[in-house]
Amino acid sequence: MPTITLPDGTTRSFKNDTTPFEIASDISEGLAQCAVGARIDGVLCDLSTPISNDAEVKLVTARKGEKESDPDALELIRHSCAHVMAEAIQRIRPAVKLVYGPALDSGFYYDISFEGSEPLSSEEFEAIEKEMASIIDEDRPFTRYELSTGDGMKKLQDEGSKYKIDNAERAIEAGSDSLTWYVTGEPNSNWEDLCRGPHVPSTGKIGAFKLQSIASSYWHGDADSDSLTRVYGVAFVHKKQLKKHLKLQEESKLRDHRVLGKKLRLFHIDEQVGQGLLLWTPNGAVVRQQLQNFIGEELQKQNYSQVFTPHIGKLDLYRTSGHYPYYQESQYPPLIDPEQLSKLASEGCTCGDLSNLMKQGDIEGYLLKPMNCPHHIRIYASSPHSYRDLPVRLAEFGTVYRWEQSGEIGGMTRVRGFTQDDAHLFCTEEQVAGELIGCLDLVKIIFKTLGMHDYKVRVGLRDADSDKYVGDPEKWDKAEDACRKAAETLGVPWVEEAGEAAFYGPKIDFIVNDVLGRPWQLGTVQVDYNLPERFDLTYIGPDGKEHRPVMIHRAPFGSMERFIGVLIEHFAGAFPTWLAPEQVRVLAISEKSNDYADTVLDALRARGIRATADQCDERIQAKIRNAADLKIPWLLVVGPRDAEKNNVSVRKRGILQDLGAVSMDTFIGALTGEISSRGESKALEICFPDSEFSIDT
RNA sequence: GCCACCGUAGCUCAGUGGUAGAGCGCAUCCUUGGUAAGGAUGAGGUCACGGGUUCAAAUCCCGUCGGCGGCUCCA
């Protein structure tokens, strides 16, 4: 006699065992129609799951008319759609073996082994989608049946798919005492798949779907294991949602920093220069320079010392730091003295010999620096330090080089040479907590100034069970606590993750998603006990004895390349005036106003504003459109009327109309204020105080 | 690094065995105009690179380089 409690607190009693479907029917016919599953005591289940005890039940519904569907409904639909897709693929390609097909936040995929048969091509999508549509049209029920682990394993052994056997073994290992199958239709006559579920009641509930892409994956995520084909798709309650989703995806592509980087000429990656080596073209260089100036000013406020160091260092430096040969595979190969190299060659030295000689330190070479810290450490060590001097804060926009895997490189977010807005803080044990807070202040200022509010904060702690961490556990506890406290000062949610610490200390990372939803680590603040030890760094304490300083590595942007890549997408290329490569464009109404356009241009440039004048032989409409395409924040239309009164007619990016005329001096004064305050002061409000405009970039 | 797909004008792309194409951009000329594309003409290509098949290759095959989407990795 189960009593069911619904989300609104009302209860319903049933004489016998019941199911979510019965509960829905009991409430209304309409609800039963659109129910696709239920949460029973918080667990997502089939609509047909038997309920024999008292429970809290929340029905999951999918209504065709609704704008946004319940994420639970989408998960059920997507997981079910993965089954439908797998059946369709097996109809067309019977020899393939299914591996694993889950729902994702953004869709679903199915990993399939095409071993021994022709690889799948996206050209086959149309045929697969046709099969899928017909399975959905048939509106076949998803029928669940259960076997004991013994019978289930026997069935799987007979069928002979090692992947499904493996899935079952994993389920049993995880504590499952039975195995379940879902048949798309009637047992013994329709297609079925070993699956934990849950699913929608029938294929007809899948309102709209589309196959999206083919990728590869590894079995168990292991690069040495079988290579699988992963087919991605999306599914929704209704076609309208699918359409909206696809439109959003199209729009995302236009925000992609690789697309905008080309269109706005922000950067260039040249085949002839090398994969993952970024060329900053003049427009992108402006953005980077402005950001560097910005952070440079903040560093000065926080009493950092600027340093410069070379791009290479002796191998021995990196033997001491531990980077070489330990992280050899992610470094460019060492550079060797040419005379020494030719001598070795004449002696018949092989590449393997050479590598060993370098590892052992028998011959010396130079490394393109993979990190800035060793150089900064040698600066610290170049003079004695008293506790009175600490903290020492050494900052540098330092360019580092790493041999990233070729398949991983792309755009600005993953490159082989990048510039960190790096600094190393050398301080006493007691100063760590305060310094961490200072570092996070900087991060806060940066994100606030740039209007980036959508970031995640992760505090990486050590994994208590691992012995890979160096340093005294007591110090670790203290440092981890300092990281937590510092993270708290941010005033945004943060998560702790055990095992995410570097081997040398805990850290705080800042993670931002790109326009395709991929997460990227930007800024990082890391406590380090290891390097001061390895380099035997000291300071003289109040007791007159030598003490070991603690080091903090920090880079609030992370790297200029990755940060600006994400920033381009954040602004969709429409940079605020202080960052915009071209801040103002003067548009002459006709050739007759060219001289006045020059006058305005000279006045803008005299105040340090980045401006150009469009004096080409086009009509004003075309000039406005061209400038708008380049996302230039301010357009000044100048014609005879303006020249007469020393006015400019203003257009602001995002406002689809002429704002009217204002005196040239007023405009320039207001704009320089906006630029120097990095957007704090608004030129628009100063020039046109009485107007209300809606900005729509 | 692995798997799939892709590489044609500065950009976006069409062309799938038989004379290299379009739009935008660029140049020149006409037009001299008041707020999101005025008109005409023209230049621009070793079809990524190297090899092979073929009477004939942008097109088919192999390799290399590069891009893209995943996977794996990211001190």
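Scored by the salt bridge (Lys or Arg N to Asp or Glu O under 4.0 Å) test, Asp629(A) finds no partners at all (sequence neighbours excluded). Residues satisfying the side-chain contact (heavy atoms from CB on, under 4.5 Å) test with Ala215(A), not counting sequence neighbours, are Tyr232(A). Residues satisfying the ring pair (Phe, Tyr, Trp, His ring centres under 6.0 Å) criterion with Trp219(A), sequence neighbours excluded, are Tyr163(A). Take Leu461(A) and apply the side-chain contact (heavy atoms from CB on, under 4.5 Å) test, not counting sequence neighbours, and it matches Val459(A), Glu480(A), Arg484(A), Glu496(A).
Here rG63(B) sits opposite rC49(B) as a Watson-Crick or G-U wobble pair (both hydrogen-bonding atom distances under 3.5 Å). rC71(B) is paired with rG1(B) under the Watson-Crick or G-U wobble criterion, all donor-acceptor distances under 3.5 Å. rC26(B) is paired with rG42(B) under the Watson-Crick or G-U wobble criterion, all donor-acceptor distances under 3.5 Å. Pairing of rG21(B), defined by two Watson-Crick or G-U wobble distances under 3.5 Å, is identified with rC13(B). Nucleotide rU35(B) is matched to nothing when pairs are restricted to Watson-Crick or G-U wobble geometry with both distances under 3.5 angstrom.
Distance noted for atom P between rC62(B) and rC68(B): 24 Å (whole Å). Taking atom C1' on both nucleotides, rC26(B) is separated from rC11(B) by 12 Å, rounded to a whole Å. The gap from the P atom of rG51(B) to that of rG15(B) amounts to 28 Å, rounded to the nearest Å. With both ends at atom C1', the span from rU35(B) to rA40(B) equals 25 Å, rounded to whole Å. Distance check on atom P: rA58(B) versus rC47(B) gives 7 Å, rounded to whole Å. If you take atom C1' in rG17(B) and the same atom in rU53(B), they sit 12 Å apart, rounded to whole Å. For the P atoms, the distance linking rA14(B) with rA75(B) amounts to 39 Å, nearest Å. Comparing rU8(B) with rG69(B), their C1' atoms sit 22 Å apart, to the nearest whole Å.
The residue among Glu271(A) and Pro370(A) whose nearest nucleotide of RNA chain B is located toward the 5' end is Glu271(A). Taking the nucleotide of RNA chain B with the nearest heavy atom to each of Gln405(A) and Ala223(A), the more 5' of the two is matched to Gln405(A).
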Readout for nucleotides 34-46 of chain B: B = base within 4.0 Å of protein heavy atom, S = sugar-phosphate only, - = neither; 5' to 3' it is BBBBB--------
For nucleotides 8-15 of chain B, 5' to 3', base contacts (B), sugar-phosphate-only contacts (S) and non-contacts (-) with protein non-hydrogen atoms under 4.0 Å give ---SS---
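Remark: Lys97(A) NZ is loosely packed, at most 12 non-hydrogen atoms of other residues, nucleotides or ligands lying under 6.0 Å away.
Rounded to whole Å, the distance from CG on Asp222(A) to P on rG1(B) is 18 Å. Regarding Gln212(A), its CD atom lies at a distance of 18 Å from the P atom of rC5(B), rounded to whole Å. Distance, Leu367(A) CG to rA75(B) C1': 13 Å, rounded to whole Å. Atom CH2 in Trp520(A) sits roughly 14 Å away from atom P in rC74(B) (whole-Å rounding).
Between Asp422(A) and Arg554(A) no salt bridge is recorded (no basic side-chain N to carboxylate O distance below 4.0 Å). By the 4.0 Å N-to-carboxylate-O rule, Arg170(A) lies close enough to Asp166(A) to be salt-bridged with it. A salt bridge is absent between Arg641(A) and Glu644(A); no separation between the charged side-chain nitrogens and carboxylate oxygens falls under 4.0 Å. Here Lys456(A) does not pair with Asp509(A) in a salt bridge; the nearest charged N to carboxylate O distance is not below 4.0 Å. A salt bridge does not link Glu500(A) with Arg462(A): every distance from a Lys NZ or Arg NE/NH1/NH2 to an Asp or Glu carboxylate oxygen is 4.0 Å or more.
The shortest non-hydrogen separation linking Tyr318(A) to Pro370(A) is CE2-CD, 3.7 Å. The heavy-atom pair separating Leu604(A) from Val584(A) by the smallest distance is CD1-CG1, 3.7 Å.
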Would you tabulate the side-chain donor-acceptor contacts of residues 249-256 of chain A under 3.5 Å, counting partners in other chains and residues two or more places apart, or write 'none'?
residue   : atom : partner   : partner atom : Å
Gln249(A) : OE1  : Gln212(A) : NE2          : 3.1
Glu250(A) : OE2  : Lys253(A) : NZ           : 3.3
Ser252(A) : OG   : Leu248(A) : O            : 2.9
Arg255(A) : NE   : Glu569(A) : O            : 3.1
Arg255(A) : NH2  : Glu569(A) : O            : 3.1
Arg255(A) : NH2  : His570(A) : O            : 3.0
Asp256(A) : OD1  : Arg258(A) : N            : 2.8
Asp256(A) : OD1  : Arg258(A) : NE           : 3.0
Asp256(A) : OD2  : Arg258(A) : NE           : 3.4
Asp256(A) : OD2  : Arg258(A) : NH2          : 2.6

Donor-acceptor contacts under 3.5 Å from residues 324-331 of chain A side chains, at least two apart:
residue   : atom : partner   : partner atom : Å
Ser330(A) : OG   : Tyr327(A) : O            : 3.1
Gln331(A) : NE2  : His323(A) : O            : 3.0

Run the side-chain donor-acceptor check on residues 617-624 of chain A: report pairs under 3.5 Å with partners two or more places apart or on a different chain.
residue   : atom : partner   : partner atom : Å
Lys623(A) : NZ   : Ala588(A) : O            : 2.8
Lys623(A) : NZ   : Asp614(A) : O            : 3.1
Lys623(A) : NZ   : Cys616(A) : O            : 3.2

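Picking from rG33(B), rA75(B), rC2(B) the nucleotide with the shortest atom distance to the side chain of Tyr218(A) gives rC2(B). Proximity note for Ser227(A) (side chain, C-beta onward) versus rG33(B), rC2(B), rC74(B): the nearest is rC2(B).
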Could you go step by step and tell me if His375(A) and Tyr380(A) meet the ring pair (Phe, Tyr, Trp, His ring centres under 6.0 Å) rule? CA-CA 9 Å; His375(A) 285 85; Tyr380(A) 176 87; over 10 Å; no
Could you go through nucleotides 61-64 of chain B and list every protein N or O atom that sits under 3.5 Å from one of its N or O atoms, giving the distance for each pair?
none

Could you pull out the protein-nucleic contacts involving nucleotides 67-69 of chain B (nitrogen or oxygen on both sides, under 3.5 Å)?
residue : atom : partner   : partner atom : Å
rG67(B) : OP2  : Gln275(A) : NE2          : 2.6
rG69(B) : OP1  : Arg258(A) : NH1          : 3.1
rG69(B) : OP1  : Arg258(A) : NH2          : 2.6
rG69(B) : OP2  : Arg258(A) : NH1          : 2.9

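Paired with Met560(A) under the rule side-chain contact (heavy atoms from CB on, under 4.5 Å), one option of Leu278(A), Leu567(A), Thr419(A) passes, and it is Thr419(A).
For residues 318-330 of chain A, proximity to RNA chain B is found at His323(A), Tyr327(A), Ser330(A), defined as any non-hydrogen atom under 4.0 angstrom from a strand atom.
Between the CG atom in Leu635(A) and the CG atom in Leu630(A) there is a gap of 10.0 Å [rounded to 0.5 Å].
No hydrogens or angles were tested; on distance alone, a donor-acceptor pair under 3.5 Å links the side chain of Arg414(A) to the base of rC74(B).
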